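Working notes, structure below.
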Amino acid sequence: MATTVEIAGPRATVVRERSSGPYLSPGDNPLGESAATARSRIYGGGVTVARHDGDVAVGRYLEAIAARLNARVTQVSAAIRDALEDDIVVLRGDTRTVELLGASVEANVDTLLHGVRHDIPADCIQAPGAAVEYARRLAQQGIPVNALVRAYRLGQRRMTEIVFAELHAMDIPAAERVTAIERITAILFEYIDRITEQVVSIYDDERERWLESRNSLRALRVRELLTTRKTVDADAVSTALRYPLRWHHVALVLWYPDSEDDEIRRLQQFVRELGQELAVEANPLFVATDPASAWAWLPYRADPGDLVARIRARVSAEPGPPGIAIGPAQPGLAGFRASHRQAERAHGVALARGLPNPVLAASEPGLAAAALLGGDIGETREWVGEVLGNLACDTDNDERLRETLRVFLRSGSSFKAAAGELDLHFNSVKYRVGRAIERRGRPITGDRLDVELALLACHWYGPAVLRPQG
């Protein structure tokens, strides 16, 4: 059966191999290669290029490397993105920002490889759209520009390592190998230097625009207030923010899932109307965190009690409502921070669970503990599988068994109490608990705490920590 090997580039040569050896079809051999030269390009199953004029040969080697890497651009990009997240802590942002980082890396790798394959000068290349949007997002979130520059330098180093590995795998004469290394190093430097200059300029413009708005200045002060360890004059900051920090606060995190539009005005309107319905005693504090999400605080002179049910009722009446994570009411500056911190934890759980437009309260039993398990969902999924065995499968039947076992253990291992909470017959609860233990594959007496925590993770994170069906 005939095999086709292509060396990508403007002057691609197609070599076909039959049992009698390789041959070149008319029109497919612009370099006029002999059969022996053609064989050398297929030797060992790899791709090697005919050794004609040195510069031409080196150019063809680089074209071949770019073609091979472009065929697995997603894998290469993922390796670079993982390296950036490991080395630059501030880039580990929310889920959407991390996804945008991945898109930016892949767009840059793809653009670079096309530039190499088609010999496009660096000064003719523009930063890809995903890279531009990622620079803007970092500017909006106040992440230092140094982190962006460092990401490009680290990406350059990782990409150089990947390209060098491809070079070493090819059959290249020593002299041409040195020339190829020099040329690819120069190409990578020129590309990164040009793109970095562009994205830093875009970052600076966006940062200036963002900071010019009143809301962004307020956001900067609020971020400082949430993170500073210095003594804060609560009265002075209250005046600057026009918000009473000495009162009681209910913190909210609000977002529109999967939105690509600027939703800040809608979120502001929603918070304003929610505050009116919940009878706040001063204007809510609203801070945009990106074009589709925000933080807010509802102020009260005294503890307003649990507002969760009323917020849920308001959301249920709203067409296309945002997702909301709710912190508990807490007093003073410390309460301002604590309520927000707990709302952020609930927000993390909601994003990992992936529910559309959720309303999640940090005060719900078990959520705070579940949030601590969400730092690395992949590791949590593995641990849940180890603890629960087959009970960790994502099926409707296993979900019923898990929930029954969770309520049973939370009720002090009382079948009667669990039956009352689940609105089931005593014998039904007993049967389901027995089946859950059978599905797990071993008793729960020896590691009951682990079982309870694993069931809690399943309850809050759902499919994110379960084994797929089948």
Side-chain angles (χ1 to χ4, degrees), residues 85 92-99 141 226 249-259 267 270 274 287 289-290 292-298 306-312 314-316 321-330 335 337-388 391-392 394 398-399 402-403 405-407 409-410 449-468:
E85 289 183 338
R92 303 173 196 167
D94 59 79
T95 302
R96 291 196 299 179
T97 304
V98 170
E99 289 175 352
Q141 295 183 349
L226 292 171
H249 320 279
V250 176
L252 308 175
V253 177
L254 308 99
W255 70 100
Y256 282 104
D258 302 323
S259 175
L267 287 175
F270 178 84
L274 180 65
V287 172
T289 55
D290 66 38
S293 60
W295 299 337
W297 286 262
L298 307 178
D306 190 357
L307 300 177
V308 175
R310 296 173 65 187
I311 293 175
R312 283 203 169 102
R314 175 68 178 80
V315 169
S316 65
I324 305 178
I326 310 167
Q330 304 240 15
R337 292 167 171 162
S339 184
H340 172 74
R341 187 167 55 247
Q342 293 181 60
E344 281 277 64
R345 290 174 183 165
H347 176 228
V349 173
L351 290 182
R353 181 67 185 266
L355 294 176
N357 310 106
V359 178
L360 213 55
S363 58
E364 297 187 50
L367 187 141
L372 298 177
L373 297 173
D376 189 320
I377 288 295
E379 288 189 5
T380 300
R381 186 187 308 112
E382 291 182 11
W383 177 75
V384 166
E386 292 170 1
V387 173
L388 297 183
L391 190 58
D394 186 14
D398 284 315
E399 181 180 0
R402 284 192 302 270
E403 187 62 12
L405 182 58
R406 184 183 73 85
V407 173
L409 293 175
R410 194 185 66 191
L449 180 58
D450 284 352
V451 172
E452 288 195 71
L453 284 173
L455 291 170
L456 192 65
C458 294
H459 175 72
W460 286 111
Y461 292 109
V465 297
L466 298 174
R467 297 174 183 170

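Computed from a predicted model, the values in this text were never measured in an experiment. We use all heavy atoms of the structure for the numbers below, so side chains are in, but hydrogens, waters and symmetry mates are not.
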For E379, does the CD atom have more than 12 heavy-atom neighbours from other residues, nucleotides or ligands under 6.0 Å away? no
Would you name the heavy atoms of S293 and W255 that are closest together and state the gap between them? CB-CB, 3.6 Å
Return the CG to CG distance between L456 and L372, rounded to the nearest 0.5 Å. 10.0 Å
Do D450 and W383 come within less than 4.5 Å of each other through their side chains, counting heavy atoms only? yes
Give, for atom CG of L466 and atom CG of D398, the distance between the pair rounded to the nearest 0.5 Å. 9.0 Å
Please determine which of L388, V407, V387 meets the side chain to side chain contact (heavy atoms under 4.5 Å, CB included) test together with L455. L388
Contacts of E452 meeting side chain to side chain donor-acceptor pair (under 3.5 Å) (sequence neighbours excluded), chain-then-number -> R448
If I take atom CG from residue L360 and atom CG from residue L367, how far apart are they, to the nearest 0.5 angstrom? 5.0 Å
Decide yes or no for P322 and Y256: does some side-chain heavy atom of the first lie under 4.5 Å from some side-chain heavy atom of the second? yes
From E382 atom CD to R467 atom CZ, the distance as rounded to the nearest 0.5 Å: 10.5 Å
Apply side-chain contact (heavy atoms from CB on, under 4.5 Å) to residues L252 and L274 and explain how you reach the verdict. CA-CA 11 Å; L252 308 175; L274 180 65; 3.8 Å; yes
Less than 4.5 Å apart, any side-chain heavy atom of L405 and any of L391? yes
Distance col, row S339:OG vs H249:NE2, nearest 0.5 angstrom, shows 8.5 Å
Donor-acceptor contacts under 3.5 Å from residues 345-355 side chains, at least two apart:
residue, atom, partner, partner atom, Å
R353, NH1, H459, O, 3.0
R353, NH1, W460, O, 3.2

Supply the atom-to-atom distance L373 CG to L453 CG, rounded to the nearest 0.5 angstrom. 6.0 Å
Would you mind reporting whether R406 and E403 have side-chain heavy atoms less than 4.5 Å apart? yes
Decide side-chain contact (heavy atoms from CB on, under 4.5 Å) for W295 and L226; before the verdict, give the C-alpha distance in whole Å, the side-chain angles of both, and the deciding distance to 0.1 Å. CA-CA 12 Å; W295 299 337; L226 292 171; 3.6 Å; yes
Considering all heavy atoms of both residues, which atom of A362 and which atom of P328 are nearest to each other, and what is their separation? CB-CD, 4.2 Å
